[in-house]
Amino acid sequence: MSDFFQGNFPLKSVSVTKSALRNPEAENEVSGNLAVTIAEAASDRKAGDILVLKVGDVSYLADYFVMMTGYSRVQVRAIAEAIEAQVEKEWQRRPLRTEGKAEGSWVLQDYGEVIVHIMMPKEREFYNLEAFWIHAERIPFPKSDEGGSKPT
């Protein structure tokens, strides 16, 4: 008997089934709905310039990016907490990873198929992720202009 795998097994023993979990359209719909939930939670906390990008066609990192602006460190943290609470309530999910919450100038939440960027205006302008992902499809989010303007 050899110590390596030869791979001589019948292909018919492997069943191929299509399920909702393996259907790309269904996965995209789920991740799209998750992105909308995130954007709505951010809007409820008065996040500014909410942008939903469908990056799945141009990147393997995620299906969607949701970017927004918080105008103070306290607001950035509050937006992040509101997103976590809403996603846990509606989707029973927690972020896989969260970075930057202690500093509060740029919080990144990774939900797998959706990545959230909550940035202060200076960080958002400096890193300009929108320009980096210019080829991604922009998904309209109508609430992004309501109440999310910079305080005067």
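As a basis for the values below, the full set of heavy atoms in this structure was taken, side chains included, without hydrogen atoms, waters or symmetry mates.
- To the nearest 0.5 Å, atom CD of residue Gln75 and atom CZ of residue Arg45 are 9.5 Å apart.
- In the hydrophobic clustering of ILVMFWY residues, with side-chain heavy atoms under 4.5 Å counting as a link, Val36 and Val30 come out apart.
- Taken from CZ in Phe65 to CZ in Arg138, the straight-line distance is 13.0 Å, to the nearest 0.5 Å.
- Closest approach of Ala35 to Val52, counting heavy atoms only: CB-CG1, 4.2 Å.
- Nearest heavy atom pair, residue Gly70 against residue Pro121, reads O-CD, 3.3 Å.
- For the pair Ser43 (side chain) and Ala39 (backbone), a donor-acceptor distance under 3.5 Å is absent.
- For Glu88, the salt bridge (Lys or Arg N to Asp or Glu O under 4.0 Å) partners are Arg94, not counting sequence neighbours.
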Side-chain donor-acceptor contacts of residues 124-131 below 3.5 Å, not counting sequence neighbours, with atom names and distances?
from   : atom 1 : to     : atom 2 : distance (Å)
Arg124 : NE     : Glu130 : OE2    : 2.7
Arg124 : NH1    : Asp49  : O      : 2.8
Arg124 : NH1    : Thr69  : OG1    : 2.8
Arg124 : NH2    : Asp49  : O      : 3.0
Arg124 : NH2    : Glu130 : OE2    : 2.6

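- If you take CG on Asp44 and CD1 on Ile83, they are separated by 10.0 Å, rounding to the nearest 0.5 Å.
- Among residues two or more places apart in sequence or in another chain, the salt bridge (Lys or Arg N to Asp or Glu O under 4.0 Å) test is passed with Arg93 by Glu113.
- Contact record, Leu61 with Ser59: N-OG, 3.0 Å, taken as the closest heavy-atom pair.
- Proximity of Gln109 to Val114: side-chain heavy atoms (C-beta onward) are nowhere separated by under 4.5 Å.
- Under the 4.5 Å side-chain heavy-atom criterion for Ile, Leu, Val, Met, Phe, Trp and Tyr, Ile118 and Val74 are members of distinct hydrophobic clusters.
- Taken from NZ in Lys54 to CG in Asp63, the straight-line distance is 8.5 Å, to the nearest 0.5 Å.
- The two atoms that bring Ala62 and Gly112 nearest to each other are CB-O, 3.8 Å, heavy atoms only.
- For residues 74-83, there are no salt bridge (charged side-chain N to carboxylate O under 4.0 Å, His left out) pairs, not counting sequence neighbours.
- Annotation: side-chain hydrogen bond (donor to acceptor under 3.5 Å, both in side chains) contacts of Gln86 (sequence neighbours excluded): Glu90.
- Ser72 approaches Met120 most closely through the heavy-atom pair C-SD, 3.4 Å.
- Listed by chain and number, the residues in a side-chain contact (heavy atoms from CB on, under 4.5 Å) with Val58 are Val55, Trp133, His135, Ala136 (sequence neighbours excluded).
- Using a distance-only test at 3.5 Å, with no hydrogens or angles considered, no donor-acceptor pair links the side chain of Glu123 to the main chain of Met119.
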Pair up each side-chain donor or acceptor in residues 95-106 with any protein partner under 3.5 Å, not counting sequence neighbours, and list the distances.
from   : atom 1 : to     : atom 2 : distance (Å)
Lys101 : NZ     : Glu84  : OE1    : 3.4
Lys101 : NZ     : Glu84  : OE2    : 3.0
Trp106 : NE1    : His117 : ND1    : 3.2

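- Taken from CH2 in Trp91 to CD1 in Ile38, the straight-line distance is 9.5 Å, to the nearest 0.5 Å.
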